[in-house]
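First the structure, in the form of structure tokens, and then the observations on it.
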Amino acid sequence: MSIAENVARIKQEIAKAAIAVGRNPEDILLCAATKMNGADAVREAIRAGVDCCGENRVQELTSKQSQNAYAGAPVHFIGHLQTNKVKQVVGKVALIQSVDSLRLLEAINKEAAKQGIVQDILLEVNVAKEESKSGFALEEMESVLSQMGRFPAIRVLGFMAIPPICQNSTENHKFFQKMYNLSVDIMRKKYDNVYVNILSMGMSGDYADAVACGSTMIRVGTAIFGARDYS
Ligand SMILES: *Cc1c(COP(=O)(O)O)cnc(C)c1O
């Protein structure tokens with residue numbers, strides 16, 4: 001299957017999952033998770049109609065940007081970002097999806113202010129409290145959001161989560177539902193610099209479940225580009 005065929009099939013499956021629960025398929029964006037795929041593959045995915053690209057590593061982001069790989073689509077940062085690398089990411093991506101600590105918020109705010117811009121971000125939630133994953137705890141969210149007034153050079157557009165791979169849809173739905181409840185809850189409240197309208201969840205193995213539970217952005221790598229070559 002070519003990248004274009006994969007993107008077309010995924011879009012059909014997004015539509016099917018959305019319509020089944022009475023959602024408009026246009027409310028769900030497809031973000032191509034492009035890690036370990038080269039500039040040509042990225043260009044092909046953009047030509048095939050993905051809405052944005054998500055990059056995990058600063059070095060790959062910088063390298064593909066220098067090759068003009070993302071022309072025609074916004075690029076997001078979706079990997080763990082170290083505070084000493086914010087300079088290479090702030091102002092260079094449309095959205096940082098993976099903001100996982102107050103320290104990182106402080107560093108992003110400082111760099112964005114220095115550049116005279118406002119950086120859009122998502123807050124990453126470690127929804128299943130996994131040791132191996134970063135992100136805020138669900139219980140911390142209210143406290144974090146109430147502090148966003150301290151960061152005038154940051155705008156929070158929503159939440160991102162990477163729930164564990166589950167055995168079945170029922171298990172999956174539990175975590176996705178928690179994230180959906182969080183975003184609905186926060187939308188009803190008012191916090192400075194917070195404008196929640198993105199809920200980024202769902203990957204190759206579980207995006208239909210995520211769409212059923214209210215995801216507005218799925219991040220798909222393997223199902224678009226094939227298995228990654230780690231050799
Ligand atoms: C790699 C990655 C994805 C996509 O994973 P696939 O299973 O290949 O679709 C999504 N989100 C993040 C943060 C990733 O690192």
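Counting starts at 1 for both ligands and their atoms, in listed order.
Residues that satisfy the side-chain contact (heavy atoms from CB on, under 4.5 Å) test with Ser2, not counting sequence neighbours, are Ala4, Glu5.
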Show which side-chain atoms of residues 155-165 pair as donor or acceptor with protein atoms under 3.5 Å away, not counting sequence neighbours.
from: Arg155; atom 1: NE; to: Asp120; atom 2: OD1; distance (Å): 2.7
from: Arg155; atom 1: NH2; to: Asp120; atom 2: OD1; distance (Å): 3.1
from: Arg155; atom 1: NH2; to: Asp120; atom 2: OD2; distance (Å): 3.0

Taking only distance into account, with no hydrogens and no angle test, what donor-acceptor pairs under 3.5 Å do side-chain atoms of residues 84-94 form with protein atoms, sequence neighbours excluded?
none

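A donor-acceptor pair shorter than 3.5 Å cannot be found between the side chains of Glu124 and Ser98. Donor-acceptor pairing under 3.5 Å is lacking for the side chains of Glu142 and Ser146.
Each of Asp100, Ile96, Leu105 was checked for a side-chain contact (heavy atoms from CB on, under 4.5 Å) with Leu123, and the lone residue meeting it is Leu105.
Closer than 4.0 angstrom to ligand 1 by heavy atom are Ala33, Lys35, Asn56, Ile78, Ile162, Met203, Ser204, Arg219, Val220, Gly221, Thr222, Arg228, sorted by chain and number.
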